[in-house]
Amino acid sequence: MAGDIRMLNTGQLLELSRRLRAAGGAPLQRNFARRIRRAAEPLHRDLRDAMTGMDISGPGRSTRQGGPSPTTRPLRRTLAEAIRISVRTTGNPGARIWVDKGRLPPDLRNMPKAMNEAPGGRVRHPVFANRRRWANTYVTPLWWDRTVRRHEPRMRAEVERITDDIRRQLGG
């Protein structure tokens, strides 16, 4: 997983962005940004749903060890909330969906990538930060890649339609 997906058709979007600026059309730029965001939102939503609905299983806790879990944060929800979307209409225009590592606790910063690239769906990790004791957890591998691939044709068609509409509004 590259960590993000970008809806960019650089040549067309750059040319369109320049024409929007030259036309002095702040309303056109807002419309452009809103429509690009709207095209990316289904992917954003599905990535979050894929994370929150992911089957994560492990060997379970030993009966010898009692007591509540030392952490109260829900893993799937924490990771899903870190999936972000941003839209730019200038510079490098387009939409970007990525995992914002700054919104994750330090011990989970690499977890989305590890879960996506897990060979055979196995994520090996220390048990509650104890580096002398390790456990295997099984996840759905390639959750990010599969979700992105499923949305790619729709997003390309939508961005092309948006650029054609904005071009028409600019007069050519």
Side-chain angles (χ1 to χ4, degrees), residues 1-56 72-119 121 123 139-172:
M1 172 174 81
D4 64 11
I5 174 72
R6 297 169 193 244
M7 272 194 331
L8 303 171
N9 189 347
T10 310
Q12 287 183 3
L13 291 177
L14 278 172
E15 177 258 330
L16 202 57
S17 175
R18 283 189 200 107
R19 289 179 61 193
L20 280 170
R21 240 177 302 145
L28 276 178
Q29 281 187 317
R30 282 194 301 273
N31 181 29
F32 179 57
R34 187 182 72 246
R35 292 178 68 190
I36 293 289
R37 175 177 289 278
R38 207 176 293 149
E41 281 174 348
L43 173 60
H44 182 236
R45 192 172 37 253
D46 279 0
L47 284 168
R48 283 184 163 197
D49 290 346
M51 174 52 72
T52 56
M54 183 183 299
D55 182 34
I56 299 176
T72 57
R73 69 174 182 250
L75 175 68
R76 288 180 216 128
R77 192 176 74 215
T78 301
L79 296 177
E81 287 172 356
I83 299 172
R84 307 289 307 266
I85 183 172
S86 68
V87 176
R88 292 180 63 179
T89 58
T90 60
N92 192 8
R96 178 176 177 229
I97 299 173
W98 81 104
V99 176
D100 185 358
K101 291 183 179 184
R103 298 189 96 197
L104 292 173
D107 60 331
L108 292 180
R109 296 225 165 110
N110 293 323
M111 187 58 73
K113 182 177 180 181
M115 290 170 77
N116 187 59
E117 297 175 354
V123 177
V139 299
T140 307
L142 303 174
W143 65 276
W144 180 278
D145 298 341
R146 287 181 183 150
T147 306
V148 168
R149 246 182 268 125
R150 200 171 55 241
H151 281 269
E152 208 166 351
R154 181 197 56 79
M155 288 185 339
R156 285 191 194 287
E158 185 70 18
V159 168
E160 197 168 310
R161 190 173 63 78
I162 292 166
T163 55
D164 290 345
D165 287 352
I166 297 289
R167 250 194 223 109
R168 235 185 334 275
Q169 287 179 3
L170 289 172

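Positions are given from 1 along the sequence.
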Chemist: Taking the side chain as every heavy atom from C-beta outward, state whether Thr140 and Arg146 have any atom pair closer than 4.5 Å.
Modeler: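 Yes; the side chains approach each other to less than 4.5 Å.
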Chemist: Answer yes or no: is there a donor N or O on one side and an acceptor on the other, between the side chain of Arg88 and the main chain of Gly94, under 3.5 Å?
Modeler: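 No.
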Chemist: Begin with the C-alpha distance, continue with both residues' side-chain angles, and end with the deciding distance and a verdict on side chain to side chain contact (heavy atoms under 4.5 Å, CB included) for Arg150 and Asp46.
Modeler: CA-CA 10 Å; Arg150 200 171 55 241; Asp46 279 0; 4.2 Å; yes
Chemist: So, using side-chain contact (heavy atoms from CB on, under 4.5 Å) as the criterion, who are the partners of Ser86 when residues are at least two apart?
Modeler: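 For Ser86, the residues satisfying side-chain contact (heavy atoms from CB on, under 4.5 Å) (neighbours in sequence not counted) are Arg96, Trp98.
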Chemist: Going by the rule salt bridge (Lys or Arg N to Asp or Glu O under 4.0 Å), which residues pair with Asp49 if we only count those two or more places apart in sequence or in a different chain?
Modeler: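 Once residues adjacent in sequence are excluded, Asp49 has no partner under the salt bridge (Lys or Arg N to Asp or Glu O under 4.0 Å) criterion.
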Chemist: Is there side-chain contact between Pro105 and Thr78, with at least one heavy-atom pair below 4.5 Å?
Modeler: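 With C-beta onward as the side chain, the pair touches.
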Chemist: Where is the tightest heavy-atom contact between Thr52 and Ala80, given as atom of each residue plus distance?
Modeler: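 Shortest heavy-atom contact: CG2-CB, 3.5 Å.
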Chemist: If I compare all heavy atoms of Ile36 with all of Ala95, which pair ends up nearest, and what's the gap?
Modeler: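 The answer is CG2-CB, 3.6 Å.
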Chemist: Taking atom CD of Glu158 and atom OG1 of Thr163, what is their separation to the nearest 0.5 Å?
Modeler: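 Result: 10.0 Å between the selected atoms.
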Chemist: Do the side chains of Met111 and Val123 get nearer than 4.5 Å, heavy atoms only?
Modeler: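 Touching, per the 4.5 Å side-chain cut-off.
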Chemist: Mind listing the closest non-hydrogen atom pair of Leu47 and Trp143 along with its distance?
Modeler: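 It is O-CZ3, 3.8 Å.
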Chemist: Write down the atom of Ile85, the atom of Arg37, and the distance for their closest heavy-atom approach.
Modeler: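 Between these two residues, the closest heavy atoms are CG2-NH1, 3.2 Å.
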Chemist: So, Glu152 and Arg149, do they make that salt bridge, N to O below 4.0 Å?
Modeler: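 Result for this pair is no, no salt bridge flagged.
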Chemist: The criterion is side-chain contact (heavy atoms from CB on, under 4.5 Å); which residues satisfy it with Ile56, sequence neighbours excluded?
Modeler: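 Once residues adjacent in sequence are excluded, the partners of Ile56 under the side-chain contact (heavy atoms from CB on, under 4.5 Å) criterion are Met54, Leu75, Arg76, Met115, Thr137, Val139.
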Chemist: If every non-hydrogen atom of Leu43 is compared with every non-hydrogen atom of Val148, which pair is closest and at what distance?
Modeler: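 That closest heavy-atom pairing would be CD1-CA, 3.9 Å.
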Chemist: Of all residues at least two apart in sequence or in a different chain, which pass the salt bridge (Lys or Arg N to Asp or Glu O under 4.0 Å) check with Arg48?
Modeler: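 Salt bridge (Lys or Arg N to Asp or Glu O under 4.0 Å) check on Arg48 returns nothing, list empty.
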Chemist: Salt bridge check, Asp164 against Arg161: does any charged N sit closer than 4.0 Å to a carboxylate O?
Modeler: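 Looking at Asp164 together with Arg161, the answer is no, because their closest N to O distance does not fall below 4.0 Å.
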Chemist: Taking all heavy atoms of Trp144 and all of Ile97, pick out the closest pair and write down the distance.
Modeler: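 Minimum heavy-atom separation between Trp144 and Ile97: CZ2-O, 3.8 Å.
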Chemist: So do Val99 and Lys113 actually touch side chain to side chain, heavy atoms under 4.5 Å?
Modeler: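 No. Closest side-chain heavy atoms not under 4.5 Å.
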Chemist: Measure the spacing between CG of Leu79 and CG of Leu104 and express it to the nearest 0.5 Å.
Modeler: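 Between atom CG of Leu79 and atom CG of Leu104 there are 6.0 Å.
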Chemist: Could you pull out all residues at least two apart from Pro42 that satisfy side-chain contact (heavy atoms from CB on, under 4.5 Å)?
Modeler: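 Arg45, His151, Arg154.
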Chemist: Are Val159 and Arg35 side-chain neighbours, meaning at least one heavy-atom pair lies under 4.5 Å?
Modeler: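 Side-chain contact under 4.5 Å: no.
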Chemist: Can you list everything that forms a salt bridge (Lys or Arg N to Asp or Glu O under 4.0 Å) with Glu81? Sequence neighbours excluded, please.
Modeler: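 Glu81 satisfies salt bridge (Lys or Arg N to Asp or Glu O under 4.0 Å) with Arg77 once adjacent residues are dropped.
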